[in-house]
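Written below as structure tokens is the structure these notes are about.
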Amino acid sequence: MTLDRVLIVSPSAGLGGAERVLLDLVRAQRPNRTGPHRAVLVLEEGPLIDELVELGVEHSCLPLPRSLGAVGESQRASATALGLLRAASSLPSYLLQFRSTVEALAPSVVHTNGMKAHVLAAAAGIRVPVVWHLHDFVGDRRVTRPLLTLASRMPARALANSHAVAEDARASFGRLPIDVAWNGVDLERFRPDLARRRRLGGSTDVVHVGLVATYARWKGHDVFLAAARKALDALGDGVHFVVVGGPVYTTAGSQWCVEELSARVVAERLEDHVTFVPFQRDPVHAFQALDVVVHASTRREPFGRVIVEGMACGAAVVATRGGGVDEIVRPDVDGLLVPPGDARTLADAIVRLVRDEGLRTRLADAGRARASEFSLARFDDEVVACWERALA
Ligand code: GLC
């Protein structure tokens, strides 16, 4: 069989990292790049669909039963288990629909882009080779890990977004062959724009330090705001903080809400020092306006796409050590690394960077060079190679 058509199944229609990767994969088929045709099946309504419409990508939507759509692992384990049980009654008829939708689209390979899609494809008994794209650590999932382990006999292979994620998955999935493809970044678009940086705040004397992330609780907004207070105490002024993003996923309990973060800003007396920039459909301008990009995840980051995007836009990066971050950033060469959940050390790093323009420039230049190794073309070639292997 030849690799003619790939169906990418996205459980989420929010625009988080995994969905941005999906958009890269469908964009890569045009213009004049070869490779298989790509169609998308989305399992909820939401902004991802608008992007697919705009790109003119073949797509369909088969919303998950509401009870299943909201199940996630940010709740207590008992709540997750209960959610799964509640969803169980609607599952058999959904699985039949899912299977007939996939079959009607006649793909040569099915590429599942998230945990729920991995399990569904396995449970529905999809007969064409399936590739699981792993964007998260499976070992961190208390409830779905056993489910995924059971389901992992079905896919032909998996593709991990970092070596750390691959290694973690191997511990659960045993024999499943796993390839690694780091995310690619569109380096034509993600590049510095000094004019934009100067416009923001109107003054080049103020260093803009930002966290760009979905509002997932583990992305460390609390740590960022606590570090901002400590850094301000040390610096007095000359720095402004920016929080870019919003709650993009619908999974119960997984996201900060705006009121919670505003309350923290008040508690840290940061009202005049933090700007909230809402979710950006295209985050490139937000990165271009920042001198320093902070990554503050409180758990190990599976890959850390925003770090590469920040580097590509010429920002100096401070990131939380662990997971994919260690594969992207060489400490003190391309960026500064700090331990997870440590507002004090993060504040010290921010203070160093605000005070030392030379250090900022050196890290930004090295970071930009490093980012150029994460091209979209490389990423797409690696994914297509994985699809080919799944078919062989
Ligand atoms: C998920 C991960 C993030 C990664 C992205 C793209 O959002 O949390 O680390 O960059 O997927 O693979």
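Nothing fancy with the numbering, it's 1 onward along the sequence. When a ligand or atom number is given, it counts from 1 through the structure's own listing order.
The line from CG of L187 to CD of E373 is 10.5 Å long, rounded to the nearest 0.5 Å. To the nearest 0.5 Å, atoms CZ (R38) and CD (E58) are separated by 13.0 Å. Between the CD atom in E45 and the SG atom in C61 there is a gap of 4.0 Å [rounded to 0.5 Å].
Shortest contact from atom 1 (C) of ligand 1 to any protein heavy atom: H135 O, 3.6 Å. Atom 8 (O) of ligand 1 has E301 OE2, 3.3 Å as its closest protein atom, hydrogens excluded (heavy atom only).
In this pair, H111 and W387 present their aromatic rings perpendicular. The plane angle is above 60°, beyond the 30 to 60° band.
For ligand 1, the polar-atom distance check against F303 finds a nitrogen or oxygen pair separated by under 3.5 Å. Considering backbone and side-chain atoms alike, W218 places every N or O at 3.5 Å or more from each N or O of ligand 1.
For the pair R299 and F137, the NZ or CZ position fails the cation-pi test of under 6.0 Å to the six-membered ring centre and within 45 degrees of the ring normal.
The side chain of K219, and not its backbone, has at least one atom closer than 4.0 Å to an atom of ligand 1 (non-hydrogen atoms only; side chain from C-beta on). Using a 4.0 Å cut-off between heavy atoms, N183 contacts ligand 1 through its side chain alone, with no backbone atom that close.
Under a 4.0 Å criterion applied to the non-hydrogen atoms of R305, ligand 1 contributes the atoms 10 (O). The V21 neighbourhood of ligand 1 comprises atoms 6 (C), 12 (O), with distances under 4.0 Å to a heavy atom of that residue.
Not close to ligand 1: G324, with no non-hydrogen atom less than 4.0 angstrom away.
Side-chain atoms of T298 do not come within 3.5 Å of backbone N or O of G341 as any donor-acceptor pair.
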Applying side-chain contact (heavy atoms from CB on, under 4.5 Å), run through E268 and H273 and close with a yes or a no.
CA-CA 10 Å; E268 301 282 5; H273 307 283; over 6 Å; no

